[in-house]
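To start, the structure itself, in structure tokens.
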Amino acid sequence: MIAIIDCNSFYCSCERLFRPSLDDKPVVVLSNNDGCIVSRTDEAKALGVAMAGPYFLAKPTIEKYGVATFSSNYNLYGDLSWRVMETLRILLGEKNIEVYSVDEAFLDLSEFKHTNLYEEGLRIKNVVETWTGIKVSIGIAPTKVLSKVANRLCKKNKEATKGVMVLDTPAKISEALQATPVSDVWGIGRQYALKLKEMNAVYTAYDLSKKSAAWAHKNLGGVVGTRMISELNGIPAIEVAKEQLTQKKRIACTRMFGKTVSTITEVKQAVATYASRAAEKLRRQGSAATVVSVFVLTREPSNNGRFRHGNTYSHYTVLPIATSATNELIKHAMALVDVLYDASKQYKKAGVILSGFVPDATIQANLFVAPQQNNQRKLMSTMDNINFALRNDVVQFAATGTKRNWKMRVEMRSPRYTTRWNELFEVK
DNA sequence: TCTGGGGTCCTAGGACCC
DNA sequence: TCTGGGGTCCTAGGACCC
């Protein structure tokens, strides 16, 4: 059996941890740039605050009811996420946990064959909540997709389930599938939901489970679809990952600008900053990149009242020799901006994506690089160490600029209680 | 006026090889 | 002269996830 453990309204729960007075009050957390609502509590939901909706639309409701509102504080959430996952590792053993996202993990429960899984779920939930202060819900079933179904239902009915639901018989599974709209199945997104609706006859997860594998292969993205049918029928087709994927295949740093910008200087400063950030992540995982790509997103005039994204323009460079050096990567990224930039346009967003990774060690062993490149490596690691120790990006490349008009807004961020000494929680 | 960011996997189709 | 069939690798694009 497989469990999915999921933190309830995770970002909001993190904020509540340091503001217990908000425990039964509505709370929302905003995305970067204070653009969208990315987390909301049940109380905020009850007031009609839309999930993933733009902040400015929800603002009247939020102000009317005095909903506590926070900008994203990723340092805080990352640290609390680590505490939750560490608790699970202690309880179940590292090899039985797959950390799926910042607030979710799959657990392989095959070692608990002979115990009462509902009781076991309650126990895990209890320990996590006691040790970390973060409330969680647990769904347990024979497959990942079904555990997600269980998790969703137990969240919808916290009182009766006490936050744990086990689907361990065909009858329970069938009942749960009938109570789940097909659009809420893990793996069915907007496009597929629309397609299934147009095709008629598939409204619930149960309806979908009765479709053939061949049908799903044809209509739901090939093997992805056949796996889905198998999983819904209780036959595992998506393994719990045995080893954590620590090496990313692609590293991106992209941001909306705080306001639209139009000069090439501003675009370049932003892109240089993102390249620096991406390069740091790259070095942290011990990789070097052979592909640098840059994209920019423009602001388009008048959208007729309907939201529309601007157009994106992207371009990439394949490097002759892989590198992890910030200055190298910035240099290539700057050349790409020169290609992409159009003075007649206004820009809302830009991003840098690194890919084509090789282990950084191979660079060291390369006899054909000039000796300066090895000095560069020392410079990079010194920079990373200083920035890590002081936690404030004190050492930077000049190309990233000093004024930074384009920097995103974080107007309502709470203190980084657990990761900055000078923002520690204070007790009188 | 104001709509996030960072990933993954899969498929189709083209280029190239023997 | 005959121009098949199977394999690999790459890229772009589409779908999904939280």
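What you are looking at is a predicted structure, and each value in this text was computed from that prediction instead of being measured. Lettering follows sequence order; numbering is per chain, from 1.
For NZ of A:Lys135, the number of neighbouring non-hydrogen atoms (other residues, nucleotides, ligands) closer than 6.0 Å is 12 at most.
Relative to the side chain of A:Arg227, the nucleotides B:dG4, B:dC10, C:dC18 differ in distance, and B:dC10 lies closest. Of all nucleotides listed (B:dG6, C:dC18, B:dG4), B:dG6 comes nearest to the side chain of A:Thr254. Nearest nucleotide to the side chain of A:Lys249, out of B:dC2, C:dA15, B:dT8: B:dT8. Distance from the side chain of A:Tyr192 is smallest to C:dC16 among B:dG5, C:dC18, C:dC16. Side-chain atoms of A:Met256 lie closest to B:dT3 of the nucleotides C:dC18, B:dT8, B:dT3. The A:Gln191 side chain lies nearest to C:dC16 when the options are C:dC16, B:dG6, B:dT3.
Across all strands, A:Ile251 comes closer than 4.0 Å only to sugar-phosphate atoms, never to a base (heavy-atom distances). Here A:Lys349 lies in heavy-atom contact (under 4.0 Å) with sugar-phosphate atoms only. No contact: A:Val352 has no heavy atom under 4.0 Å from any strand. Residue contacts for A:Leu57: at a heavy-atom cut-off of 4.0 Å it reaches no nucleic acid atom on any strand shown.
A salt bridge is defined here as a Lys NZ or Arg NE, NH1 or NH2 lying under 4.0 Å from an Asp or Glu carboxylate O, and A:Lys158 with A:Asp42 meets this definition.
Not one side-chain nitrogen or oxygen of A:Arg250 sits closer than 4.0 Å to the OP1 or OP2 atom of B:dC9. Put simply, A:Lys348 has no side-chain N or O that comes within less than 4.0 Å of OP1 or OP2 on B:dC2. A:Arg299 has no side-chain polar atom (N or O) that falls below the 4.0 Å cut-off from OP1 or OP2 of B:dT1. The side chain of A:Lys148 contributes an N or O atom lying less than 4.0 Å from OP1 or OP2 of C:dC18. For the OP1/OP2 pair of C:dA15 and a distance below 4.0 Å, the side-chain nitrogens and oxygens of A:Lys195 include no atom meeting the criterion. Taking 4.0 angstrom as the limit, A:Arg255 places a side-chain polar atom (N or O) nearer than this to OP1 or OP2 of B:dG6. For C:dA12, one of the phosphate oxygens OP1 or OP2 lies less than 4.0 angstrom from a side-chain nitrogen or oxygen of A:Tyr316.
Here CZ of A:Arg83 is found 11.0 Å from OG of A:Ser81. Values are rounded to the nearest 0.5 Å.
Nucleotides C:dC18 and B:dT1 place their P atoms 34 Å apart, quoted to the nearest Å. Nucleotides B:dT3 and C:dC17 have their P atoms positioned 24 Å apart, rounded to a whole Å.
Within the 4.5 Å cutoff, no side-chain heavy atoms of A:Ser287 are placed close to those of A:Asp360. Using a 4.5 Å cut-off on side-chain heavy atoms (C-beta onward), A:Leu319 and A:Thr317 make contact.
Computed from coordinates, the A:Phe295 CZ to B:dG7 C1' distance equals 13 Å when rounded to whole Å. When the P atom of B:dC9 is taken as reference, atom CE of A:Met228 falls 16 Å away, rounded to whole Å. Rounded to whole Å, atom P of B:dG4 lies 13 Å from atom CZ of A:Phe257. Going from atom NZ of A:Lys218 over to atom P of B:dT11 covers 16 Å, rounded to whole Å. Atom CD in A:Glu239 sits roughly 17 Å away from atom C1' in B:dT8 (whole-Å rounding). Atom CZ in A:Phe106 sits roughly 12 Å away from atom P in C:dC17 (whole-Å rounding). Atom-to-atom, CZ of A:Arg40 to P of C:dC18 comes out at 14 Å; the value is rounded to the nearest Å. Distance CG (A:Leu194) to P (C:dA15): 11 Å, rounded to an integer number of Å.
Consecutive pairing runs in DNA chain C reach the stem threshold at B:5-18 with C:5-18, where a stem means at least three Watson-Crick or G-U wobble pairs with distances under 3.5 Å.
If you find the closest nucleotide of DNA chain B to A:Val224 and to A:Ser31, the one lying nearer the 5' end belongs to A:Ser31. A residue-by-residue look at A:Val223 and A:Pro54 shows that A:Pro54 has its nearest nucleotide of DNA chain B further toward the 5' end.
Taking the centre and axis of the six-membered ring of A:Phe257, the NZ or CZ atom of A:Lys349 falls outside the cone set by 45° and 6.0 Å.
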Could you give the side-chain donor-acceptor pairs of residues 217-226 of chain A under 3.5 Å, partners two or more places apart or in another chain?
unit_1: A:Asn219; atom_1: ND2; unit_2: A:Trp215; atom_2: O; d: 3.0
unit_1: A:Thr226; atom_1: OG1; unit_2: A:Val223; atom_2: O; d: 2.8

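In this pair, A:Phe106 and A:Tyr100 present their aromatic rings perpendicular. The plane angle is above 60°, beyond the 30 to 60° band.
Here the options are A:Arg152, A:Lys155, A:Lys156, the test is salt bridge (charged side-chain N to carboxylate O under 4.0 Å, His left out), and the partner is A:Asp184; only A:Arg152 passes.
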